[in-house]
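Note on naming: letters A, B, ... go to the chains in the order of the sequence lines (proteins, then strands), and numbering restarts at 1 for each one.
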Number of protein chains: 2
Amino acid sequence: MATIRDVAKLAGVSVATVSRVINQSGYVNKQTEDKIMKSMRELQYTPNTLARGLANKKTDSIALIIPNITNPFFPELVQAVEDAANRYGYTLLLGNSYNNEENALQYIHIFKNRFVDGVLIFASHQFDSKDLSEIDKIEIPTFVIDKALDNNQIFSAKNRNFMGATMAVEHLQTIGCRHIAHIRGPEKLFPARERFRGYQDALEKTGDFNPSYVENGDFSMESGVEATLRLLDKHPEIDGIFAANDLMAVGSLKALQRQGKKVPDQVALIGYDGIQLLQMFEPEISTIAIPIYDIGNAAVSILIDLINGKENRFGINSNIMDEFEVKLIQRATTTK
Amino acid sequence: MATIRDVAKLAGVSVATVSRVINQSGYVNKQTEDKIMKSMRELQYTPNTLARGLANKKTDSIALIIPNITNPFFPELVQAVEDAANRYGYTLLLGNSYNNEENALQYIHIFKNRFVDGVLIFASHQFDSKDLSEIDKIEIPTFVIDKALDNNQIFSAKNRNFMGATMAVEHLQTIGCRHIAHIRGPEKLFPARERFRGYQDALEKTGDFNPSYVENGDFSMESGVEATLRLLDKHPEIDGIFAANDLMAVGSLKALQRQGKKVPDQVALIGYDGIQLLQMFEPEISTIAIPIYDIGNAAVSILIDLINGKENRFGINSNIMDEFEVKLIQRATTTK
DNA sequence: CTGAAAGCGCTTACAG
DNA sequence: CTGAAAGCGCTTACAG
């Protein structure tokens, strides 16, 4: 592989000058620049990323830490983040934490060791204050997606969970559901709590809230099956189910079909997230879609601003993701 | 961050000696080693990966190029590869080619530029000889998964596609299917061709092969829907469908349900690959499972052998993956 | 506008 | 068994 020295020699200049044109820094005569460009092309020169990183403390790479790539929500996020990163000239490193805070922190260390310029964390984790202060110590720009945090050093974003949940319930009411159940997400996760609040609020407005219509799940497909079976057993009158995420909605459909319930005629169903998977089912499943692609994009762009020191683009601790609207996607499971 | 120089100073030795204990290379007195270890701990020293890579031409990272993380087959592969890589002390970089050879090659260049030690390619691509010679030029150990290639420099692996397909058909026959259709994968892909061959061979044995029972798909869910609708339309007598991959089987189930066909009573269904997704459906879908996790594991281990120069562990061009057996997983769609 | 030189943090012959 | 020194391929003040 050609080095900067080879290019310099061929162009008859010093390596410093070549470096200047590579980085577009400092002045360089147009003609010598042309000469250098030509030499680079001739030698098929590409700068050595490692050497650059060593000298620079910058590697043009960012990392994304997610709970589990096997959860169908995340590939879509990964894709969005990867696309955005590439567009900005960054390479993406990926880490799966398996829903474990320790693993997440360990990955942060690994990535720091690889000198990524910044890290994105999708926090379905519950970082405690000790974890957070550890993340702080990393001293790498870090951006946490979809989680409200109090820590000033770690920016965060979330979507309109409360509002989306309200929309889901009202939609079920609109199509005629009278007994609307909820499969709730894990208590410790902020989005799950918000979605539950939205559900509760909407039903209290019409005087229809019934705590016994709420079953707990853990955002997994299996827990959606279980919760639905319990609901059906306790309350055969239920005619609408709002699952706090799409995966549990999938499980819910499975349980409904297994019990011979007609969907949506006997029981209507809606999820939350908007993953593409929902269209694989018959009937196709309705959902409240969050703009996963846009969120991934925005997260990268914000992270890069952090990297470049424009820390206050959105103001510390502002709820950045509030600018993203959730959207009702009506499909067969709520179309009577 | 502490550097090797800090450690050396604290331990009262030279950086060369510290380097020796880090790399466990050359002789070093047990006592000075202890001193150095202690200093490293005290300073929380971790070697700078970039500097190491520069000096070494080795970064302890490998790359994986896949067609599309959004296809549910791949997260499982990624997970297997990531786990294995970590276990060997390697970090994984990921690239999505979007089924495009150019993108794949571009990623290879990016990764080369990042000095990964090796790259794994899952080739649902059809690399032509020009592409292959380009890959050759990269001069990085490369291992192509699930594809037969003639090129000596690029090792390849595949699973027992022919046999698996035969098993699928025989299974359908065993449960009483008389009119077995096939949704075929893309002609240009080796596994798709092999699976078709297996289907054909099994049916010819009993004199039941009928070319008109074969519809083409492209391994996508949607193509499974379309192919099934065409089959149902042309041949209402069909009572069994073998889809060349799981995603098309999912589409097939969707079409069957939409048309009000009872599965498996009227039409039985089996896929190929063994992705976990299949268990999300009601009824759960049968499949011929390839050991994705084991394959990912083996691919990493082979790649690392290549990196370490043990090129002939399996012999050039041997069909490495032949050691992995496929397995019939009978679920509700083939249980009468 | 351009070049010489030091430095980024390691590794690796080469001496001793 | 250990150290001094050169080298990996860049960038960046500092001079000029």
Side-chain angles (χ1 to χ4, degrees), chain A residues 1-37 39-40 43-61 89 91 109 112-117 139-140 308, chain B residues 1-37 39-40 43-61 89 91 109 112-117 139-140 308:
Chain A
M1 291 248 297
T3 72
I4 195 174
R5 175 162 270 109
D6 300 323
V7 175
K9 199 168 296 170
L10 183 59
V13 297
S14 76
V15 297
T17 307
V18 176
S19 176
R20 277 185 205 103
V21 348
I22 295 172
N23 296 295
Q24 316 230 47
S25 65
Y27 301 90
V28 27
N29 181 295
K30 181 71 179 118
Q31 292 190 11
T32 71
E33 177 172 349
D34 289 345
K35 234 178 2 188
I36 291 170
M37 295 293 270
S39 306
M40 296 205 291
L43 298 171
Q44 299 200 45
Y45 171 74
T46 44
N48 180 320
T49 330
L50 263 27
R52 249 184 142 172
L54 223 208
N56 245 352
K57 271 79 189 70
K58 198 165 175 337
T59 56
D60 295 328
S61 57
T91 298
H109 280 109
K112 175 176 191 174
N113 209 251
R114 304 257 165 199
F115 291 85
V116 300
D117 298 331
E139 292 174 346
I140 292 181
N308 295 329
Chain B
M1 290 248 298
T3 73
I4 195 175
R5 175 163 268 109
D6 300 326
V7 176
K9 199 169 296 171
L10 183 59
V13 298
S14 75
V15 297
T17 307
V18 176
S19 176
R20 277 187 205 101
V21 348
I22 294 172
N23 296 295
Q24 316 229 48
S25 64
Y27 301 90
V28 27
N29 180 296
K30 181 70 180 120
Q31 293 190 12
T32 72
E33 177 172 349
D34 288 346
K35 233 178 2 187
I36 290 170
M37 294 294 270
S39 305
M40 296 207 291
L43 298 171
Q44 299 201 46
Y45 171 75
T46 45
N48 179 321
T49 330
L50 262 26
R52 250 184 142 170
L54 224 207
N56 246 352
K57 271 80 189 68
K58 199 168 175 332
T59 56
D60 294 328
S61 58
T91 298
H109 280 110
K112 175 176 192 178
N113 208 252
R114 304 256 165 200
F115 290 85
V116 299
D117 298 331
E139 292 173 345
I140 292 182
N308 295 330

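- Counting any heavy atom pair closer than 4.0 Å across all strands shown, A:Thr32 reaches sugar-phosphate atoms only and no base atom.
- In this entry the distance linking CD of A:Glu33 with C1' of C:dT2 reads 14 Å, nearest Å.
- In this structure, B:Asp6 atom CG and C:dC10 atom C1' are separated by 13 Å, rounded to whole Å.
- A:Asn23 contributes a side-chain N or O that, together with a main-chain N or O of A:Ser19, makes up a donor-acceptor pair within less than 3.5 Å.
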Please walk me through it: do B:Asp34 and B:Lys30 pass side-chain contact (heavy atoms from CB on, under 4.5 Å)?
CA-CA 6 Å; B:Asp34 288 346; B:Lys30 181 70 180 120; 3.0 Å; yes
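- The closest donor-acceptor contact from the side chain of A:Thr59 to the backbone of A:Phe115 lies under 3.5 Å.
- A:Leu50 has its CG atom 20 Å from the P atom of D:dG7, to the nearest Å.
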In B/S/- notation (B base, S sugar-phosphate only, - none; protein heavy atoms under 4.0 Å), nucleotides 11-16 of chain D written 5' to 3' is SBB---
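- Ranking D:dG3, D:dG9, C:dG9 by closeness to the A:Lys57 side chain, first place goes to C:dG9.
- Between C:dT2, D:dG3, D:dG9, one nucleotide has an atom nearer to the side chain of A:Leu54 than all others, and that is D:dG9.
- Of the inter-residue distances, the one linking A:Leu10 atom CG with A:Lys35 atom NZ reads 10.0 Å to the nearest 0.5 angstrom.
- Pairing of C:dA13, defined by two Watson-Crick or G-U wobble distances under 3.5 Å, is not identified with any nucleotide.
- In this structure, A:Thr46 and B:Thr17 both approach DNA chain D, and ranking their closest nucleotides by distance from the 5' end singles out B:Thr17.
- For D:dG3, one of the phosphate oxygens OP1 or OP2 lies less than 4.0 angstrom from a side-chain nitrogen or oxygen of B:Ser14.
- For the pair B:Lys30 NZ and D:dT2 P, the computed distance is 12 Å after rounding to whole Å.
- Residues B:Asp60 and B:Thr49 fail the side-chain proximity criterion, which asks for heavy atoms closer than 4.5 Å.
- Between B:Arg5 atom CZ and D:dG3 atom P the separation is 14 Å, expressed in whole Å.
- Under the 3.5 Å distance criterion, with hydrogens and angles disregarded, no donor-acceptor pair is assigned to the side chains of A:Ser61 and A:Arg114.
- Shown here, C:dA4 forms no base pair; nothing in the strands shown gives a Watson-Crick or G-U wobble contact with both key distances under 3.5 Å.
- When each of C:dT2, C:dG3, D:dT2 is scored by its nearest atom to the side-chain atoms of A:Val28, the top-ranked nucleotide is C:dT2.
- The nearest whole Å value for the distance from the CZ atom in A:Phe115 to the P atom in C:dG9 is 8 Å.
- Closest of all the heavy-atom pairs between B:Val7 and B:Val18 is CG1-CG1, 4.0 Å.
- Rounding to whole angstrom units, CG of residue B:Asn113 and C1' of D:dC10 are separated by 13 Å.
- Atom C1' of nucleotide C:dT2 and atom CG of A:Asp34 are separated by 16 Å, given to the nearest angstrom.
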